[in-house]
Amino acid sequence: MSAPSRRPYTPLRDAYVIDAVRTPIGKRGGALAEVHPADLGAAALRGLLDRNSVDPARVDDVIVGCVDNIGPQAGNIGRTAWLAAGYPEEVPGVTVDRQCGSSQQAINFGAQAIMSGTAEVIVAGGVQNMSALPISSAMLAGREYGFESPFVGSQGWDHRYGTDEVSQFRGAQLIAEKWGVTREDMERWALRSHERARDAIKNGRFDNEIVPVGDFWIDQGPRETSLEKMATLSPLTEGSPLTAAVASQISDGASATLLASDWAVEEFGLRPRARVHHVSARGADPIFMLTAPIPATKWALRQTGLGIEDIDVVEINEAFASVVLAWLQETGADPAKVNVNGGAIALGHPLGATGAKLFATLLNELERVEGRYGLLVICEGGGTANVTIIERL
């Protein structure tokens with residue numbers, strides 16, 4: 001199907017990136033496991049605003065990504081985290097769930113509000129405690145009320161997609177099969193992820209983006225491993241090329257980003273670090289589920305007139321190694337520019353917090369290499385993907 005026609009991308013105003021931070025990422029059952037999600041989100045929010053001169057009362061909205069919004073993550077965790085941080089009650093908050101891209105979508109929504117002229121200052125971020133609420137908790141919560149999953153029982157869904165399993169694991173395996181990605185290919189990428197992450201920690205590349213939670217300030221995920229160790233792991237299902245070694249880690253963490261208009265930059269004496277150049281989202285097959293970064297990236301590049309060679313730094317979420325390797329095949333991106341400080345296989349994937357977490361890494365790495373354009377793309381449950389392109393100032 002050919003791409004639909006669309007008028008030129010013409011925002012009314014620029015949206016500037018003032019700062020982006022994240023907590024260190026805790027492994028499942030690790031340093032952040034006992035932290036209430038509201039307090040975890042509050043740690044990122046305080047870390048962001050403590051190092052920037054804007055008055056919290058001048059924030060127009062707080063947009064926070066979170067998945068599995070039940071229990072302590074229910075009740076609009078975006079609003080709760082802001083209040084738990086001690087900030088003004090008159091500032092509203094909202095929670096976004098676009099699955100793994102939730103906090104990237106929060107940033108995109110915030111940028112769009114500023115670009116449209118309806119907001120001047122936005123705080124966008126994400127939070128997730130996967131130790132407290134395991135992945136898919138919300139999807140399984142309906143069983144108490146007679147709903148086996150979000151899909152079972154929908155006549156329209158069954159007619160269109162059948163009744164087979166809908167999961168990221170199946171999607172990652174289908175991708176590996178379609179793009180000819182072998183277990184060995186994925187293990188090599190996973191090893192690279194760990195090596196790059198350990199090197200980044202050793203050389204302090206995350207220091208400017210991490211705000212500590214108490215005395216916890218170093219990511220717990222990266223580990224010493226080898227191809228030989230990975231080869232001993234059992235597949236997730238019999239005959240599958242997937243193992244735990246080539247999948248993102250279950251993690252806890254939070255992230256926050258400060259966006260501002262040109263008026264707010266001047267009014268509050270802020271120093272922009274980047275400009276939001278493009279935001280968009282696209283969809284693909286929800287059964288393959290994790291392929292949407294491919295059409296989403298192509299769409300974003302086409303809309304901006306950029307080529308993949310114009311992008312200096314790429315952050316693509318490593319939900320599974322097969323996702324990244326298929327994306328590399330289709331886009332022709334230079335692997336040397338992709339996830340240069342490791343990815344979710346090594347550093348973890350705290351679902352709702354991941355988008356703004358990767359955004360912080362993208363911003364800092366773009367500055368480190370003195371590049372111009374950075375691209376963030378994340379695959380999401382339901383077969384969608386967000387793209388954000390920033391231009392360093």
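Note: hydrogens, waters and symmetry copies are ignored here, and every other heavy atom, side chains too, is used. Everything numeric in this text was worked out from a predicted model, so none of it was measured. Heads up: numbering here begins at 1 and tracks the sequence.
Figure legend: Arg271 and Tyr16 shown without cation-pi pairing, the cationic atom not lying both under 6.0 angstrom from the six-membered ring centre and within 45 degrees of its axis.
Expressed to the nearest 0.5 Å, how far NE2 of His278 lies from CD of Gln303 amounts to 6.5 Å. To the nearest 0.5 Å, atoms CE (Met230) and CZ (Arg188) are separated by 11.5 Å. Taken to the nearest 0.5 Å, the CD1 atom of Ile345 stands 11.5 Å off from the OG1 atom of Thr225.
By the 4.5 Å heavy-atom criterion applied to side chains, Pro241 and Gln173 are counted as neighbours.
With sequence neighbours excluded, the residues satisfying ring-ring contact (aromatic ring centres under 6.0 Å, His included) with Trp263 are Phe268. A search for side-chain contact (heavy atoms from CB on, under 4.5 Å) contacts involving Ala319 returns Asn317, Cys379, not counting sequence neighbours. Residues passing the side-chain contact (heavy atoms from CB on, under 4.5 Å) test with Asn208, sequence neighbours excluded: Arg51, Arg273, Asn364. Residues satisfying the side-chain contact (heavy atoms from CB on, under 4.5 Å) criterion with Thr95, sequence neighbours excluded, are Cys66, Asn69, Asn76, Ile77. Here Glu90 pairs with Ala57, Pro88 under the side-chain contact (heavy atoms from CB on, under 4.5 Å) rule; sequence neighbours left out.
Applying the salt bridge (charged side-chain N to carboxylate O under 4.0 Å, His left out) test to residues at least two apart or on different chains, none of the pairs has a partner in residues 52-80.
Considering Leu347, Thr23, Thr257 as possible partners of Lys357, the one that fulfils the side-chain contact (heavy atoms from CB on, under 4.5 Å) test is Leu347. Under the side chain to side chain donor-acceptor pair (under 3.5 Å) rule, Thr388 has a single partner from Gln104, Glu315, Gln105, His277, which is Gln104.
Surrounding CD of Glu266 are at most 12 heavy atoms belonging to other residues, nucleotides or ligands under 6.0 Å away. The number of heavy atoms from other shown groups lying within 6.0 Å of CZ (Phe147) does not exceed 12.
Residue Val323 is grouped with residue Ile287 when hydrophobic side chains (ILVMFWY) are merged at heavy-atom distances under 4.5 angstrom, including chains of intermediate members. When the side chains of ILVMFWY residues are joined at heavy-atom separations under 4.5 Å, either directly or via intervening members, Trp82 and Val121 end up in a single hydrophobic cluster.
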Item checked: salt bridge (charged side-chain N to carboxylate O under 4.0 Å, His left out) assessment of Asp219 paired with Lys27 -> CA-CA 8 Å; Asp219 297 313; Lys27 64 183 180 181; over 6 Å; no
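Classification of the Phe320-Phe169 ring pair by plane angle, with boundaries at 30° and 60°, yields perpendicular.
Salt-bridge annotation for Arg372 and Asp312: absent, with no side-chain N of the basic residue lying under 4.0 Å from a carboxylate O of the acidic one.
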